[in-house]
2 protein chains.
Amino acid sequence: MAGQTGRTVPAQVAAKLYGAVDVIAENGLANTKIEQIAAASGVPKATLYYYFAGKEEILAFLLRDSLAYLAGAVATAAEAPGSGRDRLAAVVAVQIEHTLSNSATSRALIGDLGRAAQLPELAQAVQAAFYDPIAQVLRDGADDGSLRAVADPDEAALSIFGTVIMTGLIHAVVGTERSAETITASVLDLLLQGLRPG
Amino acid sequence: MAGQTGRTVPAQVAAKLYGAVDVIAENGLANTKIEQIAAASGVPKATLYYYFAGKEEILAFLLRDSLAYLAGAVATAAEAPGSGRDRLAAVVAVQIEHTLSNSATSRALIGDLGRAAQLPELAQAVQAAFYDPIAQVLRDGADDGSLRAVADPDEAALSIFGTVIMTGLIHAVVGTERSAETITASVLDLLLQGLRPG
DNA sequence: TAGATGTTGTACTGAGAGTACAAACTCATT
DNA sequence: AATGAGTTTGTACTCTCAGTACAACATCTA
């Protein structure tokens with residue numbers, strides 16, 4: 001994957017960089033000094049500037065990298081055999097599991113959501129990892145009858161996206177004691193059964 | 001309402017400060033210079049530092065102020081007569097309406113969610129405006145039979161909170177053409193009916 | 001009318017982001 | 001093994017801007 005200087009970031013550097021995610025998640029990017037990132041990752045400052053134009057880019061790179069990985073795993077779940085409903089469950093499970101087990105990255109993401117919303121590259125990575133697969137299985141489920149055909153599928157996909165990502169992120173932020181399975185089950189119960197009585 | 005210097009921010013200053021929310025929402029706090037905030041709001045830099053310890057505090061103040069206002073409106077909806085289900089609908093409607101009609105503040109909030117998650121004051125303001133009322137009407141609805149009694153009410157309230165706030169915020173960020181009513185209706189349809197067929 | 005408190009302009013300080021650059025190192029090609 | 005292109009890193013530098021200091025002036029209270 002490439003930074004924004006045009007230079008391809010070597011895998012070894014990328015791997016080391018993840019060592020700095022904790023610091024960033026803890027203090028926020030604005031309060032994290034480049035020297036701290038250098039120290040925490042073991043990549044010297046001069047090298048950081050060789051690959052990246054600034055610290056915003058370093059974090060954006062890490063988030064894109066992590067989200068791309070998630071997008072892959074989620075796509076697999078979304079394209080597996082089975083009903084749309086089953087695959088929705090699988091997709092949500094993978095998303096929540098990833099969010100919780102990469103807690104530092106998730107917390108860094110939430111601190112950076114503003115930029116994520118503005119940088120097309122990041123927005124797209126979020127979309128590919130979260131929104132698109134949900135929209136996909138939602139359509140499939142409506143087609144195969146395993147899910148209700150809602151009036152406005154795009155809007156519904158957006159809401160479901162919101163449900164999943166916020167539930168996951170909040171648990172990542174507060175440091176939940178609940179397991180990913182428990183949380184996933186609760187989210188799916190809500191999404192599938194709804195709140196109407198009976 | 002008080003800034004963090006201990007000095008009470010006069011209403012007139014507070015009002016002027018909202019003039020700077022757009023700039024902050026557009027560029028993010030990190031890329032917004034104090035002088036820009038001073039220029040956009042018409043409050044001189046020296047005065048800003050008389051009331052606030054820094055720019056983070058300025059934004060935090062604005063967000064708390066706006067969220068406190070929303071919390072009031074939402075509390076009214078949550079405490080109105082009617083079934084839990086009706087009040088859930090009312091609460092969600094107010095939340096989404098407010099998020100969309102204060103788009104700049106909402107976008108600034110999303111850019112600041114990281115800090116919001118860490119500063120207790122801000123986290124509490126978000127909670128009071130979004131989470132608490134939802135948890136409340138959810139309990140009421142379960143009691144009066146207008147809503148299903150879910151297995152894990154806290155978890156459900158959290159997810160609903162996620163659904164509402166993210167749906168609202170995303171629409172605020174991308175600049176939707178849909179009306180608040182349409183969006184509210186779609187969210188409520190999803191939350192109440194769920195995705196199961198039939 | 002005096003003192004306290006608020007308001008603002010101007011000038012300053014210090015931190016730290018980002019740059020410049022050269023020395024050293026790696027690795028492919030001849 | 002020599003040349004040269006690209007990489008890695010240390011050191012020293014510049015420059016922007018957040019935040020501070022402070023004095024002059026305004027306003028409000030007693």
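Nothing here was measured: the structure is a model prediction, and the numbers come from that model. A note on names: the letters A, B, ... follow the listed sequences, proteins ahead of strands, and every chain is numbered from 1.
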Are any side-chain N or O atoms of A:Asp144 and backbone N or O atoms of A:Ser83, one a donor and one an acceptor, separated by less than 3.5 Å? no

How far apart are the C-alpha atoms of B:Gln136 and B:Val91, what are their side-chain angles, what is the distance that settles it, and do they pass the side-chain contact (heavy atoms from CB on, under 4.5 Å) test? CA-CA 10 Å; B:Gln136 173 68 43; B:Val91 162; over 6 Å; no

Only counting residues at least two apart or in another chain, list the ones meeting salt bridge (Lys or Arg N to Asp or Glu O under 4.0 Å) with B:Glu79. none

Give me, pair by pair, the N or O atoms of the protein and of nucleotides 23-30 of chain D that are less than 3.5 Å apart, along with how far apart they are.
none

For the CD atom on B:Gln124, are there more than 12 heavy atoms of other groups (residues, nucleotides or ligands in this structure) within a distance under 6.0 Å? no

Can you name the one residue among A:Thr163, A:Thr167, A:Leu195 that meets side chain to side chain contact (heavy atoms under 4.5 Å, CB included) with B:Ile160? A:Leu195

Look only at the side chain of A:Gln36 and the backbone of A:Thr32, and say whether a donor-acceptor pair between them is shorter than 3.5 Å. no

Roughly, in whole Å, what's the span from CG in A:Leu48 to P in C:dG16? 17 Å

Of all pairs that satisfy salt bridge (Lys or Arg N to Asp or Glu O under 4.0 Å), the ones with a partner from residues 159-186 of chain B, not counting sequence neighbours: A:Asp152-B:Arg178, A:Glu155-B:Arg178

Minimum-distance nucleotide to A:Tyr49 side chain [options: D:dT8, D:dG19, C:dT19]: C:dT19

Excluding sequence neighbours, so at least two apart, what forms salt bridge (Lys or Arg N to Asp or Glu O under 4.0 Å) with B:Arg139? none

Between B:His98 and B:Val74, is any pair of side-chain heavy atoms under 4.5 Å apart? no

Which pairs, protein N/O on one side and nucleotides 9-12 of chain D N/O on the other, fall under 3.5 Å?
{"from": "D:dT9", "atom 1": "OP2", "to": "A:Thr47", "atom 2": "OG1", "distance (Å)": "2.8"}

Taking only heavy atoms on the protein side, list every residue of residues 20-38 of chain A lying under 4.0 Å from any atom of DNA chain D, sorted numerically. none

Would a distance-only check, ignoring hydrogens and angles, find a side-chain to backbone donor-acceptor pair under 3.5 Å from B:Asp112 to B:Ala108? no

